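Working notes for the structure below.
Since this is a predicted model, take the numbers as computed values, not measurements.
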Amino acid sequence: MSYDVIVLGGGPGGYVAAERAGQAGLKTLLIEQRALGGTCLNEGCIPSKVLLNSAKIYHYTTEYGRKFGVVCQGSHVDQPAVVARKEKVIHTLVSGVGAAMKASHVEVVNASGMIRGRGDEGIQMEADGKVYTGKNLIIATGSRAFVPPIPGVKEGLASGFVMTNREALALKELPRRLAVIGGGVIGLELAAYYGVVGCETTVIEMMPKIAGPIDDEISALLQKGYEKDGMKFCLKSKVVRIDADGVAVQKTPTVLEELVEKDGREEKVLCDKVLLAIGRKPVADTCGVENLNLVVERGAIKVDECCRTNAVNVYAVGDCNGTSMLAHSAYRMGEVAVNTILGKKDRMRYKAIPSVLYTNPEVACVGMTEEQAKAAGIDAVTVKLPMAYAGRYVAENEGPVGIAKFVFDKKYRTLVGAHVMSNYSSEFILACAVMIEKEMTVDAIREIVYPHPSVSEIIREAAFAVKL
């Protein structure tokens with residue numbers, strides 16, 4: 001069986017690539033061994049947002065709601081019901097992806113795929129005992145949770161004491177004490193959920209700050225807010241062992257201990273569940289890339305700006321190429337790969353890809369920080385404003401005020417970075433991304449009419465506040 005395009009992997013990059021190829025009239029095959037939608041839809045981006053939304057609703061029914069004049073008695077979290085709703089949402093969206101494939105005339109094979117090499121008629125793939133040939137191959141095998149070589153991890157995973165994001169998103173019984181190894185996006189979002197709904201949560205992070213590369217000041221404010229809600233942090237700390245002696249007695253958390261190395265001494269973090277959230281690594285070692293002699297660097301398939309590998313007519317999109325491990329980046333990569341196959345001029349651009357931490361409050365960023373801009377040789381200036389400058393923010397929030405930072409290029413009078421801690425920031429960060437991508441000047445940004453009252457008006461305030 002011969003195809004114009006074979007796509008290996010049905011996650012965000014893969015299914016979008018398959019859909020665009022099918023819509024363009026190319027005979028397309030999509031091979032996915034698990035559910036369509038990949039990690040993002042089934043056990044990552046989407047299910048975590050379902051849980052976080054439930055946590056937000058619960059938060060408003062407790063003491064926080066009283067600040068708004070709303071008193072709710074006896075509210076509690078029904079964890080099985082939360083998980084059931086998560087499954088309903090996943091089923092709805094997976095079905096939607098399947099319908100999109102059908103509408104785009106994409107053939108789907110639900111099986112593990114393996115690259116066999118290049119034949120006379122094209123690239124050969126094996127799946128479900130059959131051999132398929134494609135003129136073009138798009139590899140979209142995604143990523144997997146990184147499992148560190150910490151003593152006790154393997155035993156803990158086998159017993160269920162240690163979890164990855166997959167298991168953490170499916171727990172039907174709330175742990176009393178949760179230890180989260182990793183203070184990045186995955187760890188913080190899940191820690192935020194379990195912390196809000198009543199679990200005693202401790203985040204262990206090797207770096208001196210949480211949330212990875214986000215602005216240092218925003219990171220500190222975010223941590224302060226979490227700590228006020230009861231979350232604990234062990235920063236500059238390394239997990240040296242996970243005790244597995246008592247994992248069979250998970251209802252007795254006092255005998256389940258995780259040892260943390262901090263300032264040269266060991267401290268014990270008591271817990272009855274451990275979440276591994278150190279990060280993810282590209283999956284490029286299980287699909288036969290060696291049979292096409294693809295260049296793999298640091299576990300990722302090397303690609304150019306058009307997502308082309310070193311092999312003719314072979315592309316790699318999404319997490320497997322390691323360039324920008326975000327679902328929305330994968331969407332765009334899939335489109336770039338298909339456009340390149342079709343002979344349309346297109347390429348990946350990375351200067352305006354937004355990233356979001358979907359906790360409460362949200363943190364949304366795009367572009368460079370002032371430090372990054374100056375390191376790149378840009379004469380940069382930052383405008384920092386409290387979110388209280390936006391009337392809707394004041395109307396809908398109580399407590400510590402969020403902040404927004406906007407980084408401008410003095411020479412060209414353009415926006416080069418935006419970093420916001422505020423509710424709704426995940427929605428209006430797109431406006432900042434467009435401004436950066438299109439290199440809009442401050443004068444052009446000032447001429448935009450923003451809806452009032454809206455939190456997005458903070459952009460307008462910054463445009464008039466900056467001195468260039």
Side-chain angles (χ1 to χ4, degrees), residues 1-43 94 97-98 100-102 104-145 166 280-297 299-303 306-322 330 333-334 337-338 340-342:
M1 289 173 278
S2 182
Y3 297 85
D4 295 313
V5 178
I6 295 177
V7 181
L8 179 59
Y15 75 73
V16 168
E19 184 177 10
R20 297 292 181 267
Q23 290 170 341
L26 300 176
K27 186 178 180 182
T28 305
L29 172 69
L30 174 62
I31 301 172
E32 169 56 54
Q33 64 178 337
R34 301 185 69 190
L36 291 174
T39 296
C40 176
L41 200 160
N42 292 279
E43 52 199 45
V94 169
V97 175
M101 296 303 99
K102 185 176 181 180
S104 301
H105 308 289
V106 174
E107 182 180 341
V108 178
V109 172
N110 190 218
S112 177
M114 180 64 66
I115 302 168
R116 290 305 180 195
R118 195 182 296 271
D120 294 336
E121 297 182 3
I123 302 155
Q124 294 183 332
M125 292 289 307
E126 182 178 339
D128 199 24
K130 299 178 182 178
V131 176
Y132 303 88
T133 301
K135 297 177 183 177
N136 299 277
L137 170 64
I138 299 176
I139 302 171
T141 44
S143 62
R144 65 169 74 95
R166 178 183 301 173
R280 299 186 66 80
K281 58 186 296 185
V283 173
D285 56 354
T286 60
C287 61
V289 294
E290 66 277 3
N291 295 324
L292 289 174
N293 296 315
L294 298 188
V295 174
V296 176
E297 294 181 347
I301 301 172
K302 186 178 180 180
V303 297
C306 297
C307 298
R308 293 176 294 211
T309 69
N310 60 296
V312 177
N313 296 340
V314 180
Y315 304 77
V317 303
D319 286 6
C320 69
N321 71 33
M333 290 181 203
V338 172
T340 303
I341 289 170
L342 293 170

Main-chain N/O of [Y] paired to [X] side chain as donor or acceptor, under 3.5 Å:
X    : Y    : value
N42  : L36  : yes
R280 : S143 : yes
T141 : C320 : no
S104 : V106 : no
N321 : A300 : no

What distance separates [X] [atom1] from [Y] [atom2], expressed to the nearest 0.5 Å?
X    : Y    : atom1 : atom2 : value
I123 : L8   : CD1   : CG    : 11.5 Å
L137 : Y315 : CG    : OH    : 10.5 Å
D319 : R144 : CG    : CZ    : 11.5 Å
N136 : I341 : CG    : CD1   : 4.0 Å
L294 : I115 : CG    : CD1   : 6.0 Å
N110 : Q33  : CG    : CD    : 9.0 Å

Between [X] and [Y], what is the shortest heavy-atom contact and its length?
X    : Y    : result
G37  : P12  : O-CD, 3.7 Å
G13  : A140 : C-CB, 4.3 Å
I31  : A111 : CG2-O, 3.3 Å
R118 : L292 : N-CD2, 4.1 Å
A24  : L342 : CB-CD1, 3.7 Å
M101 : L30  : SD-CD2, 3.8 Å

I138 side chain reached by V338 side chain, heavy atoms, under 4.5 Å = yes

Do V289 and V314 touch side chain to side chain, with heavy atoms closer than 4.5 Å?
->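 No, every pair of side-chain atoms sits at 4.5 Å or beyond.
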
Charged N to carboxylate O under 4.0 angstrom, K135 versus D4?
->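 A salt bridge is present here (some side-chain N lies under 4.0 Å from a carboxylate O).
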
Would you indicate whether K302, at its atom NZ, is surrounded by more than 12 heavy atoms from other residues, nucleotides or ligands within a distance under 6.0 Å?
->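 Check fails, neighbour count at 12 or below.
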
